[in-house]
Chemist: 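The structure's right below; bear with me while I get my questions together.
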Amino acid sequence: MIPAKNTAYYHLPGLFEFQALYRVFLPLFHEHREYFYDWCEIGSIYGAPADCLWGGGRVGSGDADPQAILALTREYGIPARLTFSNSLLREEHLADERCNALCRLFETGSAPGNGVIVHSELLLAYLRRTYPGLYLVSSTTKVLTDFRQLERELAREEFRYVVPDFRLNKAFARLDALPAWQKAKVEFLCNECCPVTCRDRKRCYEAVSRKNLGESCPEHPCTAPDAAGGYRFSRAMTNPSFIGPEDIVNRYLPMGFSHFKIEGRELGSALVFEFLLHYMTKPENQIRVREEVYLDNMLDLF
């Protein structure tokens with residue numbers, strides 16, 4: 001039995017991409033908490049709209065109305081995070097009106113507190129100066145694979161959370177040695193499908209950044225085994241870095257870690273829904289949650 005104070009906060013994908021799914025799932029999560037693990041909560045929903053200059057990590061595809069998104073997250077007291085993790089921004093990009101408008105909107109009356117996931121040091125300084133009401137998250141696109149890099153990033157006071165590279169997920173001895181205040185800032189990426197042997201991850205993210213800037217560039221050639229098959233949750237679950245709900249309960253929460261990121265912005269809502277079932281829903285109640293969601297006439301998951 002987990003003490004009440006030990007709560008896992010999931011940071012979920014698709015702020016702009018999966019609004020229809022969350023419009024069905026969030027009321028269910030709040031009205032039928034008995035269907036879900038009592039040790040977990042939603043820490044945030046993150047994402048960026050399509051054709052977003054500051055976007056990174058993935059090329060955004062969401063087209064939901066930002067005002068409607070903000071109203072939905074406020075209704076359920078869930079922080080929203082803008083994923084502005086482009087690593088190649090230049091000074092002239094800071095004036096982008098669309099991205100600034102999103103920051104103004106999400107900063108205004110931002111209770112329970114909205115944030116931005118950021119990579120660029122240039123953008124970091126700009127956001128701190130211009131939108132101090134938005135908290136900041138250090139992006140996993142920095143590919144912090146050396147534990148000393150992670151320790152330095154955690155020591156930076158400007159970041160509320162830091163998402164290390166997934167290959168540090170199982171560095172238990174060094175993770176457990178972190179002071180409590182740094183453990184509180186670590187946000188683990190749970191369900192990465194990329195192989196731990198990949199050495200092209202930073203170049204892959206840079207290619208995405210160029211696309212979001214509208215620059216002409218070739219597709220990044222992924223050399224991972226089975227890359228042609230795309231993301232497979234079954235394959236991610238065999239990844240040595242994978243963190244499942246049992247790991248969270250039995251290892252990470254007792255060690256003092258509370259924040260866990262689920263990737264999936266570029267995936268379909270049906271697969272993201274499977275993540276919500278796997279990570280948040282009691283096995284005996286998954287059929288009930290499936291029925292509630294699949295039978296909702298306003299939602300098309302396929």
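Counting begins at 1 with the first residue of the sequence. The structure presented is a predicted model; accordingly, all values stated were derived computationally and were not measured.
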Chemist: Can Glu274 and Arg290 be said to form a salt bridge (Lys or Arg N to Asp or Glu O under 4.0 Å), step by step?
Modeler: CA-CA 9 Å; Glu274 289 300 315; Arg290 280 194 176 92; 3.1 Å; yes

Chemist: Test your reading of the model: is there a side-chain donor-acceptor pair from Arg98 to the backbone of Asp51, 3.5 Å cut-off?
Modeler: yes

Chemist: Take the angle between the ring planes of Phe275 and Phe233 and call it parallel below 30°, perpendicular above 60°, tilted in between.
Modeler: perpendicular

Chemist: So, for Ile69 and Gln19, which heavy atoms are closest and what is the spacing to 0.1 Å?
Modeler: N-NE2, 3.8 Å

Chemist: Stepwise, does the side chain to side chain contact (heavy atoms under 4.5 Å, CB included) test hold for Val162 with Val186?
Modeler: CA-CA 5 Å; Val162 174; Val186 178; over 6 Å; no

Chemist: For Arg167 and Val143, what are the C-alpha separation, side-chain angles and deciding distance, and is it a side chain to side chain contact (heavy atoms under 4.5 Å, CB included)?
Modeler: CA-CA 9 Å; Arg167 284 162 285 204; Val143 192; 3.8 Å; yes

Chemist: Do Tyr46 and Phe16 have ring centroids that are under 6.0 Å from one another?
Modeler: no

Chemist: Can you see which heavy atom on Asn285 is nearest to which on Glu34, and at what distance?
Modeler: ND2-O, 3.2 Å

Chemist: May I ask you to check if Lys282 and Phe36 form a cation-pi contact, with NZ or CZ under 6.0 angstrom from the six-membered ring centre and within 45° of the axis?
Modeler: no

Chemist: If I compare all heavy atoms of Ile78 with all of Leu26, which pair ends up nearest, and what's the gap?
Modeler: CD1-CD2, 3.7 Å

Chemist: Ring pair (Phe, Tyr, Trp, His ring centres under 6.0 Å): which pairs involve residues 63-92, sequence neighbours left out?
Modeler: His30-Tyr76, Trp54-Phe84

Chemist: Determine, using ring centers only, whether His259 and Tyr161 are less than 6.0 Å apart.
Modeler: yes

Chemist: When you group the ILVMFWY residues by side-chain heavy-atom contacts below 4.5 Å and let the links chain together, are Phe260 and Phe172 in the same group?
Modeler: yes

Chemist: With rounding to the nearest 0.5 angstrom, report the CD to CG distance, Glu263 to Asn191.
Modeler: 5.0 Å

Chemist: Decide whether Leu144 and Leu88 are clustered together by the hydrophobic rule: side chain heavy atoms of Ile, Leu, Val, Met, Phe, Trp, Tyr closer than 4.5 Å, transitively.
Modeler: yes

Chemist: Quick one: pull up CG in Leu175 and CD in Glu151 and give me the separation to the nearest 0.5 Å.
Modeler: 9.5 Å

Chemist: Show me the donor-acceptor pairs within less than 3.5 Å that the side chains of residues 241-251 make with the rest of the protein, sequence neighbours left out.
Modeler:
from   : atom 1 : to     : atom 2 : distance (Å)
Ser241 : OG     : Asn239 : OD1    : 2.9
Asp247 : OD2    : Gly244 : N      : 2.8
Asn250 : ND2    : Glu246 : O      : 3.1

Chemist: Taking the side chain from Asn100 and the backbone from Asp96, do they hold a donor-acceptor pair closer than 3.5 Å?
Modeler: yes

Chemist: Is it possible for you to say whether Leu189 and Tyr9 belong to one hydrophobic cluster, with membership spreading through side-chain heavy-atom contacts below 4.5 Å?
Modeler: no

Chemist: Indicate the atoms forming the closest heavy-atom contact of Val118 with Phe159, along with that distance.
Modeler: CG1-CE2, 3.8 Å

Chemist: I need the single residue from Glu187, His11, Lys261 that forms a side-chain hydrogen bond (donor to acceptor under 3.5 Å, both in side chains) with Ser44. Which is it?
Modeler: His11

Chemist: Check for a donor-acceptor pair, side chain of Asn114 on one end and backbone N or O of Pro79 on the other, with a separation under 3.5 Å.
Modeler: no

Chemist: First locate atom OG1 of Thr281, then atom CD1 of Ile287, and finally report the distance between them rounded to the nearest 0.5 Å.
Modeler: 11.5 Å

Chemist: Would Tyr37 and Phe29 show up in the same hydrophobic cluster when neighbours are defined by side-chain heavy atoms closer than 4.5 Å?
Modeler: yes

Chemist: Going by heavy atoms in the side chains, are Leu150 and Leu168 under 4.5 Å from each other?
Modeler: yes

Chemist: Output, in order, the C-alpha distance, side-chain angles, deciding distance and verdict of salt bridge (Lys or Arg N to Asp or Glu O under 4.0 Å) for Glu158 and Lys185.
Modeler: CA-CA 11 Å; Glu158 56 263 52; Lys185 295 176 69 171; over 6 Å; no

Chemist: Can Ile262 and Tyr10 be said to form a side chain to side chain contact (heavy atoms under 4.5 Å, CB included), step by step?
Modeler: CA-CA 7 Å; Ile262 309 300; Tyr10 287 122; 4.1 Å; yes

Chemist: Could you check whether any side-chain heavy atom of Val272 comes within less than 4.5 Å of a side-chain heavy atom of Pro13, counting everything from C-beta outward?
Modeler: yes

Chemist: Let me confirm one number: the OG1-CD1 distance from Thr140 to Ile117, rounded to the nearest 0.5 Å.
Modeler: 10.0 Å

Chemist: List the atom of Pro66, the atom of Leu105, and the distance in Å for their closest heavy-atom pair.
Modeler: CB-CD2, 3.6 Å

Chemist: For a side chain to side chain contact (heavy atoms under 4.5 Å, CB included) check, start with the C-alpha distance between Val116 and Val137, then their side-chain angles and the critical distance, and finish with the verdict.
Modeler: CA-CA 6 Å; Val116 180; Val137 182; over 6 Å; no

Chemist: Please list, chain by chain and in numerical order, all residues satisfying ring-ring contact (aromatic ring centres under 6.0 Å, His included) with Tyr131, sequence neighbours excluded.
Modeler: none

Chemist: Using the ring of each side chain (for Trp, its six-membered ring), is Tyr22 parallel, tilted or perpendicular to Phe25, with breaks at 30° and 60°?
Modeler: perpendicular

Chemist: So, Glu121 and Arg128, do they make that salt bridge, N to O below 4.0 Å?
Modeler: no

Chemist: Between Tyr294 and Phe273, is a ring pair (Phe, Tyr, Trp, His ring centres under 6.0 Å) present by the stated rule, with each step listed?
Modeler: CA-CA 10 Å; Tyr294 288 150; Phe273 179 44; 5.6 Å; yes

Chemist: Identify the heavy atoms of Phe18 and Ser269 that sit nearest to each other, and give their distance.
Modeler: CE2-N, 3.6 Å

Chemist: Any side-chain heavy atom of Glu31 sitting closer than 4.5 Å to one from Glu292?
Modeler: no

Chemist: How far does CG of Leu276 sit from CD of Gln286, to the nearest 0.5 angstrom?
Modeler: 11.0 Å

Chemist: Given side chains that start at C-beta, do those of Pro49 and Leu102 come closer than 4.5 Å, heavy atoms only?
Modeler: yes

Chemist: Can you list the residues that meet the side-chain hydrogen bond (donor to acceptor under 3.5 Å, both in side chains) rule with Ser138, with sequence neighbours excluded?
Modeler: Lys142, Glu153

Chemist: What residues, two or more places apart in sequence or in another chain, satisfy side-chain hydrogen bond (donor to acceptor under 3.5 Å, both in side chains) together with Tyr135?
Modeler: Arg81

Chemist: Does the Thr73 side chain pair with the main chain of Leu70, one donor and one acceptor, at a distance under 3.5 Å?
Modeler: yes

Chemist: Going through the distances and angles, do Glu75 and Arg23 end up as a salt bridge (Lys or Arg N to Asp or Glu O under 4.0 Å)?
Modeler: CA-CA 11 Å; Glu75 181 179 355; Arg23 283 201 173 278; 5.2 Å; no

Chemist: Mind checking whether Asn6 and Phe257 have side chains closer than 4.5 Å, heavy atoms only?
Modeler: no

Chemist: Hydrophobic clusters here meaning ILVMFWY residues chained together by side-chain heavy-atom distances under 4.5 Å, can you tell me if Met280 and Trp39 are in one?
Modeler: yes

Chemist: Measuring from Leu134:CG to Leu82:CG, what's the distance to the nearest 0.5 Å?
Modeler: 7.0 Å

Chemist: Quick one: side-chain hydrogen bond (donor to acceptor under 3.5 Å, both in side chains) partners of Glu92, sequence neighbours excluded?
Modeler: Arg90

Chemist: Do Asn86 and His93 make a side-chain contact, defined as non-hydrogen atoms from C-beta onward lying under 4.5 Å apart?
Modeler: no

Chemist: Kindly indicate whether the side chain of Leu21, heavy atoms from C-beta on, has any atom under 4.5 Å from the side chain of Val293.
Modeler: yes

